[in-house]
Structure formats: C-alpha cells, structure tokens
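Notes follow once the structure below has been shown.
Throughout, protein chains are lettered first and strands after them, A, B, ... in sequence-line order, and every chain is numbered starting at 1. Because only heavy atoms are used, hydrogens play no part in the values below, and waters and symmetry mates are left out as well, while side chains stay in.
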Amino acid sequence: MFHASDITEAAPSAAKLLATCEPLPRPTSSDYETVRRAVEFISTDFRSQPSLAAIAEAVNLSPAELEALFRRWAGLTPKAFLQAVTIDKARELLASGASLLDAAFDVGLSGPSRLHDLFVRHEAMSPGFYKAKGEGIDLAYGFTDSPFGRALVIATDRGLAGVGFSEGGAAGDAAALDDMRRRWPRARFREDQTAIEPFAQRAFDPAEWMRDRPLRVVLIGTDFEIRVWETLLSIPVGSATTYSRVAETIGAPKAARAVGAAVGRNPVSFVVPCHRVVGKSGALTGYHWGLSRKRAMLGWEAGVLARG
DNA sequence: CAGCATCCGTACA
DNA sequence: TGTACGGATGCTG
C-alpha cells in the first residue's frame with residue numbers, strides 16, 4: 001500500500017533532522033558509562049515506569065545531575081526516553097515504518113523516504129569471499145565508546161565491515177571479538193585503532209550523518225543475507241518494520257523466520273539497522289547484542305528525531 | 001501467554 | 001545432492 005501522505009510527512013522531518021543536528025560536546029568516557037547505565041536501567045525496567053529519582057539513584061547521581069547529563073547526551077529527558085522505549089512507542093514506529101517501506105519500494109530505488117541510505121553507501125563482497133570464510137582479507141579492529149556501551153568496530157580498506165558490542169572489561173572485549181572472529185574464521189584480525197577511528201567517530205553521531213559524505217560499508221554474507229541487509233538500509237531512522245514485511249519485500253513472503261535468522265547475523269550492528277525490525281505484534285522479539293540494547297537504540301533514535 | 005504447525009536457509013556429509 | 005537442524009515467526013486456544 002502506498003500512501004503519499006506518508007512521504008510528505010516523512011520528508012520534512014528528514015530535512016529537519018539533517019539541518020538541526022549541531023555537533024554535541026564530546027562527552028567523556030565516564031559520562032558515556034553513566035548514561036549507558038541509565039539507559040540500561042530504563043530499558044530493563046520501563047514496564048514499571050520508574051521515576052526520575054529512582055533512575056538517578058540507580059546511577060548514583062542526583063536527579064538534577066542526571067537530567068542535565070542525559071539531556072546533553074540524547075537531547076531529551078530521562079522521562080521522555082522512558083516513554084520512547086515503551087512497547088507502545090515501538091508500535092507507533094512500526095505503523096509509520098511499514099508504510100514508509102512500502103513507499104520506498106513503490107517509488108523505486110531513490111524514494112524520498114530512504115533516509116538511512118542518504119548516509120550509508122554499501123557494497124557487497126563477492127560470494128567467493130564469503131565462501132572462503134574471510135580467507136586473505138585483513139580486518140582492522142578496535143574498541144570505542146558509544147551511546148549503547150563499548151563498541152567493537154571492524155574495518156577493511158574498503159569500508160566498515162563490522163560493529164558489535166562488549167559487556168566491558170577484558171572478558172567482554174574478548175567475547176565480542178570472538179563473536180566476530182567466528183563470522184570470518186580465516187580472516188586476519190589486527191588491532192588498529194587508527195584504522196577504525198574514522199568509522200567509530202561517525203557511526204554513532206547524527207551530526208556526522210551526511211549525504212555528501214556517505215559512510216562506506218562492506219556487507220560480507222550470503223546472497224540471501226545481503227538481500228535482507230540491503231532491505232534494512234531502507235528503513236528510515238526512528239521507524240520500524242516486521243520480519244514478515246522484510247520477507248515480502250525481498251520476494252520470499254513465507255521466509256519470515258529465515259529473515260529473522262539473517263537479520264540476527266547482521267555483522268554491522270546499528271549502522272545496518274537490524275534493531276528496526278520487530279515482531280508483527282510490535283513486540284521486540286530478539287537482538288543478538290541484547291534486547292535492552294535494541295530498546296535503547298529505538299528510543300535513542302526517537303530522541304534524535306524529537307530533538308529536531 | 002504458552003504451545004505448535006510450518007518452512008526457509010545453512011551446514012555438513 | 002540430500003538431509004538434518006533450528007529459529008530475532010506468527011497463529012491459535
């Protein structure tokens with residue numbers, strides 16, 4: 001179904017988003033950690049609708065301090081974030097996202113609602129490469145702070161190849177790296193902070209999402225997986241779609257479950273927005289890096305839009 | 001909300 | 001090429 005009104009409503013908010021995102025003061029590492037814990041707490045306990053005081057207590061700050069810090073980080077209050085993270089909100093996102101996805105494909109490759117495509121340019125690695133399990137390629141990796149916790153960033157010389165998350169500490173880092181190594185067991189991994197820094201800086205900062213300087217992403221996967229991941233790139237920021245809807249879009253209407261599996265194998269978490277796919281009921285059914293992260297990402301994106 | 005029918009893609013032989 | 005497997009589904013009661 002195509003609704004012209006969906007596009008005309010979406011386009012201004014996109015322009016607004018791009019025009020009004022001013023660079024944020026770069027938060028310190030410990031600020032990230034505090035906000036991450038607050039996000040975690042809210043995401044986990046949103047059903048009980050905790051008060052500001054309760055959230056502040058959980059992260060050992062006064063309510064005023066938390067509010068200021070949170071607002072600086074996400075541009076909205078903890079209370080507003082809490083609201084954004086509820087299932088109702090996810091349903092709302094779903095309602096708009098589904099029709100936007102339809103619209104994008106009805107219009108053709110550069111439909112006006114393909115917001116995410118404006119700043120991500122992707123290319124698929126050859127099937128041969130995938131078959132060789134990464135044989136003969138160098139992957140640079142490094143860790144960085146992100147709004148969703150400590151992130152593992154992986155890059156080839158052609159672009160961003162992976163984003164994952166660490167639970168923190170040496171063990172968390174090792175687990176995240178292992179997770180990535182299993183995807184491309186024959187690739188050569190080397191720690192290289194300099195190589196991943198440009199991607200680390202840009203992936204999580206909306207002020208850096210610019211059409212004229214698209215983020216280069218390389219997708220390494222099977223044919224089917226790549227079709228699924230490309231579809232994810234057409235879901236606008238701050239909206240959502242369903243597994244079955246993605247299945248229909250790629251022409252395999254009965255493959256909802258296989259789509260779920262493929263979405264789960266997306267190596268470039270967040271940048272390829274697998275968090276914007278939810279169950280048909282609007283429930284957030286699963287996430288490779290933890291459901292609370294998925295909630296946080298959807299809430300964070302709602303906040304990014306609200307700030308404009 | 002718990003159970004289950006169904007069914008696709010993948011891995012491995 | 002065949003087959004076993006299991007899942008980030010989606011209905012049904």
Roughly how many Å is it from [atom1] in [X] to [atom2] in [N], rounded to a whole number?
{"X": "A:Y287", "N": "C:dT9", "atom1": "OH", "atom2": "P", "value": "15 Å"}
{"X": "A:E225", "N": "C:dA8", "atom1": "CD", "atom2": "P", "value": "13 Å"}
{"X": "A:I250", "N": "C:dT9", "atom1": "CD1", "atom2": "C1'", "value": "14 Å"}
{"X": "A:W289", "N": "C:dA8", "atom1": "CH2", "atom2": "P", "value": "14 Å"}
{"X": "A:L284", "N": "C:dT9", "atom1": "CG", "atom2": "C1'", "value": "15 Å"}
{"X": "A:R227", "N": "B:dC8", "atom1": "CZ", "atom2": "C1'", "value": "12 Å"}
{"X": "A:R183", "N": "B:dA11", "atom1": "CZ", "atom2": "C1'", "value": "17 Å"}
{"X": "A:Y243", "N": "C:dG7", "atom1": "OH", "atom2": "P", "value": "14 Å"}

For [N] and [X] - does any side-chain N or O of the residue sit under 4.0 Å from the phosphate oxygens OP1/OP2?
{"X": "A:S281", "N": "C:dG10", "value": "no"}
{"X": "A:K254", "N": "C:dG10", "value": "no"}
{"X": "A:S244", "N": "C:dT9", "value": "no"}

Legend entry - Heavy-atom side-chain contact between A:V271 and A:F199 under 4.5 Å: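 Contact flag for A:V271/A:F199 side chains = no.
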Legend entry - Test item: A:F143 and A:D173 side chains (from C-beta on) under 4.5 Å apart, heavy atoms: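 Side-chain contact under 4.5 Å: yes.
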Inset, instruction - Map A:A262 and A:R257 onto DNA chain B by nearest heavy atom, then report which one ends up closer to the 5' terminus. - result: A:R257
Inset, instruction - Report the secondary structure of DNA chain B in dot-bracket form, marking unpaired bases with a dot and bases paired to a different strand with |, and treating Watson-Crick or G-U pairs with both distances under 3.5 Å as paired. - result: |||||.|||||||
Inset, instruction - Provide the closest heavy-atom pair for A:L160 versus A:V268 in the form atom of the first, atom of the second, distance. - result: CD2-CG1, 3.8 Å
Checking all strands, does [X] fall into the base, sugar-phosphate, or nothing category for heavy-atom contacts under 4.0 angstrom?
{"X": "A:A256", "value": "sugar-phosphate"}
{"X": "A:G264", "value": "base"}
{"X": "A:F224", "value": "sugar-phosphate"}

Inset, instruction - Using the six-membered ring wherever Trp is involved, compare the ring planes of A:H275 and A:Y287 and label them parallel, tilted or perpendicular (cut-offs 30° and 60°). - result: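 If you compare the ring of A:H275 with that of A:Y287, the planes turn out perpendicular.
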Legend entry - Nearest listed nucleotide, side chain of A:K280, among C:dA8, C:dC11, B:dT10: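 The answer is C:dC11.
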Legend entry - Between A:H288 and A:N266: side-chain donor-acceptor atoms closer than 3.5 Å: no
Inset, instruction - Mark yes or no: A:R181 above the aromatic ring of A:F189, with NZ or CZ under 6.0 Å from the six-membered ring centre and no more than 45 degrees from the axis. - result: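 Here A:R181 passes the 6.0 Å and 45° test against A:F189.
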Inset, instruction - Check the pair A:E197 / A:T194 against side chain to side chain donor-acceptor pair (under 3.5 Å), numbers first and verdict last. - result: CA-CA 5 Å; A:E197 198 57 34; A:T194 311; over 6 Å; no
